[in-house]
Amino acid sequence: MQRIVAPARILIRHRGLMGLIGCSLLMGLASSFVAPFLSMFGTIEVGMSPFIFGGFMTVTSLSAIALSTLLARWSDTGASRRTMLLLGTVSGLLGYVGYAFVRDAVWLTVIGSVLLGTSSITFSQVFAYAREMLARSDVPPRDVPLFINVYRLLFSLAWTAGPAVASWLMLRYSYRGTFLGAAFFFLLLLAVILALVPDAPALARNSPEARAPLREIFTRPGLLAYFAGFVLLFTCTSINMMNLPLLVLQTLGGTVRHVGIVFSVAPVFELPFMFYFGLLASRGDQGRLIRAAAVAAIVYFALLALVGAPWHIYPVQILSAAITAVIAGVAITFFQNFLPEQVGTATNLYANAMRIGSTTGYLLFGVLASTLSHRLILVACALLSATAAAIMFWSRFGPLPAPVGVANPAGAAVATQPVGP
């Protein structure tokens, strides 16, 4: 019980940490209103073919990768993280208002590439700022993974109700209602940042390590292998995000309501899983947990390929919750430990693995949906997950980082847990 009460007391005492909790929750609500329905929006509402929709998502994702990498680098060496959060929030607000009213594919591509591409920095900046605020606080260094998982838990909490509410809005007010709902959450996010999130420079912004060129990052032992593995896992996640609604509607004969329930089941279980895996990660089990999640992904996609009715998916989503609790929670700290002097870049590197995986997934989905059934697409995801697991298990036989530190406000090093088996 003390392991639960102590983190809660620390968060309550720190106004900035509480503000970032609100940011994480609101970001989760906004994404839960949009992500499950993007494939339906593009193919049904706008009228894109699966191939054109894949291209549309690819262009917007590549823009997000480029803009977020540039802005993350700037946040580590120049502008404050609060400034980055404000920039990303305003861009997200304007972007989703644009999606609510525009139905031309070209203009949607411009809005998605520029406004939502800039907004993509918000996610990584929240978790990078959380890491640095924790370093400035009285949180024991070994508990940092637990606290980061708590923040990610709040993001998942939003998904317990978000997709179901969004599907209700869509049925009542069409897609305009869902996108305006997402824009409203960004408006609330803007208010929280202005009221509760303090302005502070990056902890290590003036150190030589913070200004190390990006080309040197992948020379860190084990980083490239895990980055590649995460790209493959997020590729599967992206394909599944677009394929699952169509599997429910077109193969299993389900309804939009079934789609909403499918995407709401996993977050309910993600909450206890994230806290539990956060406790395990604080004991130095991060590498082992991530490899286990890759193996679980193989089983998950294989089971989805065998379902015979919409309700069969509901229990399978529990396994999805366990996988997400690791690759979307523990993995953030895992990447930050590789680059403790560049937590903005490190967190964005994790986010870019997600974006590159999403881009690859959009491209593959456009190709696979034109040639394969929805069930065979899931078989392809199982094979990609097996490749990711193989890469990660191979990397464990090479050197991984020794215990690292994050500079504290006084300039001393704060030890963190080693990344490894």
Side-chain angles (χ1 to χ4, degrees), residues 1 3-4 7-8 11 21-38 123 126-127 145-171 178 181-182 185 233-234 236-238 240-245 247-249 252 254-281 289-290 292-293 296-297 299-301 303-304 307 309-332 354 378 381:
M1 181 59 70
R3 292 286 282 164
I4 299 176
L11 290 174
I21 280 183
C23 291
S24 184
L25 179 63
L26 290 168
M27 284 193 308
L29 286 168
S31 67
S32 72
F33 264 50
V34 174
F37 307 101
L38 269 180
F123 178 88
V126 165
F127 287 95
L146 172 61
F147 279 82
I148 293 295
N149 258 37
V150 169
Y151 280 102
R152 188 56 180 79
L153 183 153
L154 268 296
F155 188 93
S156 293
L157 178 63
W159 278 74
T160 59
V165 175
S167 64
W168 176 82
L169 279 175
M170 188 176 68
L171 291 172
T178 59
F185 291 127
L233 289 177
F234 284 125
C236 297
T237 300
S238 176
N240 191 50
M241 182 70 71
M242 293 183 289
N243 185 65
L244 197 53
L247 175 77
V248 172
L249 296 174
L252 303 179
T255 65
V256 172
R257 179 175 174 272
H258 288 124
V259 174
I261 295 174
V262 162
F263 282 101
S264 295
V265 169
V268 174
F269 293 91
E270 284 172 21
L271 307 184
F273 282 150
M274 279 194 171
F275 194 86
Y276 175 69
F277 290 136
L279 288 174
L280 291 183
L289 286 171
I290 289 170
V299 178
Y300 170 69
F301 289 116
L303 291 175
L304 278 185
V307 298
W311 70 267
H312 292 170
I313 300 176
Y314 303 163
V316 180
Q317 290 297 85
I318 298 175
L319 183 57
S320 173
I323 298 167
T324 301
V326 176
I327 69 171
V330 173
I332 295 175
M354 181 165 53
L378 292 166
C381 288

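For clarity, every value in this text was computed on a predicted model and none was experimentally measured. Basis for what follows: all heavy atoms, side chains included, without hydrogens, waters or symmetry-related copies.
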Check step by step if side-chain contact (heavy atoms from CB on, under 4.5 Å) holds for Val259 and Leu249. CA-CA 8 Å; Val259 174; Leu249 296 174; 4.2 Å; yes
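- Using a 4.5 Å cut-off on side-chain heavy atoms (C-beta onward), Asn240 and Tyr300 make contact.
- Heavy atoms only, all atoms of each residue included: Pro245 and Pro36 are closest at CG-O, 3.7 Å.
- Looking only at side-chain heavy atoms (C-beta outward), Val126 and Met27 come within less than 4.5 Å of each other.
- Taking CG of Asn149 as the start and CZ of Phe277 as the end, the distance is 9.5 Å to the nearest 0.5 Å.
- Partners of Leu252 according to the side chain to side chain contact (heavy atoms under 4.5 Å, CB included) rule, which considers only residues two or more places apart in sequence or in another chain, are Leu247, Val307, Pro310, Ile313, Arg375.
- Residues Val262 and Leu244 have side chains in contact (heavy-atom distance under 4.5 Å, counting atoms from C-beta outward).
- Under the ring pair (Phe, Tyr, Trp, His ring centres under 6.0 Å) criterion, Phe263 pairs with no residue, sequence neighbours left out.
- Contacts of Phe33 classified as ring pair (Phe, Tyr, Trp, His ring centres under 6.0 Å), with partners at least two apart in sequence or in another chain: Phe185.
- Between the Ser24 side chain and the Tyr151 main chain, a donor and an acceptor come within less than 3.5 Å of each other.
- The side chain to side chain donor-acceptor pair (under 3.5 Å) search around Thr237 returns none, not counting sequence neighbours.
- Rounding to the nearest 0.5 Å places CD1 of Ile21 at 12.0 Å from CG of Leu26.
- Annotation: side chain of Arg257 is not in contact with side chain of Trp168 (no heavy-atom distance under 4.5 Å).
- Remark: Tyr276 pairs with Leu280 by the side chain to side chain contact (heavy atoms under 4.5 Å, CB included) rule, at least two apart or across chains.
- Considering only heavy atoms from C-beta on, Val265 stays 4.5 Å or farther from Val316 through its side chain.
- The two residues Leu289 and Ala281 make their nearest non-hydrogen contact at CD1-N, 4.0 Å.
- Pairing each heavy atom of Cys381 with each of Cys236, the nearest pair is O-SG, 3.2 Å.
- By the side chain to side chain contact (heavy atoms under 4.5 Å, CB included) test, Ser167 pairs with Phe37, Val256, sequence neighbours left out.
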Side-chain donor-acceptor distances from residues 320-331 under 3.5 Å, at least two apart:
| unit_1 | atom_1 | unit_2 | atom_2 | d |
| --- | --- | --- | --- | --- |
| Thr324 | OG1 | Ser320 | O | 2.9 |

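- Counting heavy atoms from C-beta outward, Tyr314 and His258 have side chains that approach closer than 4.5 Å.
- Phe123 has its ring centre less than 6.0 Å from the ring centre of Phe127.
- Looking at residues two or more places apart in sequence or on another chain, you find a side chain to side chain contact (heavy atoms under 4.5 Å, CB included) between Val299 and Leu303, Leu319.
- Nearest approach of Pro163 to Gly260, heavy atoms of both residues: CB-O, 4.0 Å.
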